[in-house]
Enquirer: 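First the structure, then my questions, so here it is.
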Amino acid sequence: MWFSQQAEIVFKQEKAMAEQDGGKVRIDKWLWFARFFKTRSLASKACQGGHIVLNSNTVSKPSVAVGPGDRLQFFQGPHIRIVEIVAVGTRRGPAPEAQTLYEDQSPPRIKKQDADADIRTATVAIRETGSGRPTKAERRALDRLRGDNTED
């Protein structure tokens, strides 16, 4: 009983603060509300890592305020997401509610074959366990295969 009353008070305080700021909310909170990140701490780490671009400026702090009309760019896996904020939101609701918070302007998703050609999303070459580092001959063969024929 006491916890639910306390939670209701905090919710009302946060709602009042959002209205005071002219409909703005922290970027990490909004990314979490819109269900782009599973936890708010993951959204915060993405902001701190400089992986979020807000209106052509890289975000380095999760406390940056965003509101309707702002444009965000970030990678979600191998795909780039470009979204325009339509509404701020007051809670992390179900997915249909979260989709009303933004307008998706992302380019079409790339196919698996095209993703492998991109260095950022290419699959990593796998060596057998216990085979150790490649020998000089193996390394040169790999370089020829990759097209790195630059020898000193």
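Just so it is clear, the model here is predicted, and its values are computed rather than measured.
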Enquirer: Let me check something: any side-chain donor-acceptor pairs from residues 41-62 under 3.5 Å, sequence neighbours excluded? List them with distances.
Expert:
{"from": "Ser41", "atom 1": "OG", "to": "Thr39", "atom 2": "OG1", "distance (Å)": "3.2"}
{"from": "Asn55", "atom 1": "OD1", "to": "Arg71", "atom 2": "N", "distance (Å)": "2.8"}
{"from": "Asn55", "atom 1": "ND2", "to": "Asp70", "atom 2": "OD1", "distance (Å)": "3.0"}

Enquirer: How long is the span from the NZ atom in Lys29 to the CG atom in Leu31, to the nearest 0.5 Å?
Expert: 13.0 Å
Enquirer: Side chains of Asp28 and Val64: does their closest heavy-atom pair fall under 4.5 Å?
Expert: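 They are not in contact (no side-chain heavy atoms under 4.5 Å apart), so the answer is no.
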Enquirer: Using a 4.5 Å cut-off on heavy atoms from C-beta on, say whether the side chain of Leu72 contacts that of Ile27.
Expert: yes
Enquirer: Quick one: list whatever passes side-chain hydrogen bond (donor to acceptor under 3.5 Å, both in side chains) with Glu84, sequence neighbours left out.
Expert: Gln105
Enquirer: How would you list, by chain and number, every residue that makes a salt bridge (Lys or Arg N to Asp or Glu O under 4.0 Å) with Glu97, sequence neighbours excluded?
Expert: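 By the salt bridge (Lys or Arg N to Asp or Glu O under 4.0 Å) rule, Glu97 matches Arg91.
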Enquirer: Mind checking the CZ-CZ spacing from Phe33 to Arg92? Nearest 0.5 Å is all I need.
Expert: 9.5 Å
Enquirer: Which donor-acceptor pairs under 3.5 Å do side chains of residues 129-136 form with protein atoms, sequence neighbours excluded?
Expert:
{"from": "Ser131", "atom 1": "OG", "to": "Arg127", "atom 2": "NH2", "distance (Å)": "3.4"}
{"from": "Ser131", "atom 1": "OG", "to": "Glu128", "atom 2": "O", "distance (Å)": "2.7"}
{"from": "Thr135", "atom 1": "OG1", "to": "Glu138", "atom 2": "N", "distance (Å)": "3.2"}

Enquirer: Does Trp30 reach the main-chain N or O of Lys24 with its side chain, forming a donor-acceptor pair under 3.5 Å?
Expert: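 Side chain of Trp30 to backbone of Lys24, a donor-acceptor pair under 3.5 Å: no, none is there.
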Enquirer: Does Arg81 have any side chain to side chain contact (heavy atoms under 4.5 Å, CB included) partners at least two apart in sequence or in another chain, and if so, which?
Expert: Phe36, Phe74, Gln76, Tyr102, Asp104, Ser106, Arg109
Enquirer: List the residues meeting side chain to side chain contact (heavy atoms under 4.5 Å, CB included) with Pro107, not counting sequence neighbours, and say none if there are none.
Expert: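 Applying side chain to side chain contact (heavy atoms under 4.5 Å, CB included) to Pro107 gives Ile80, Ile82.
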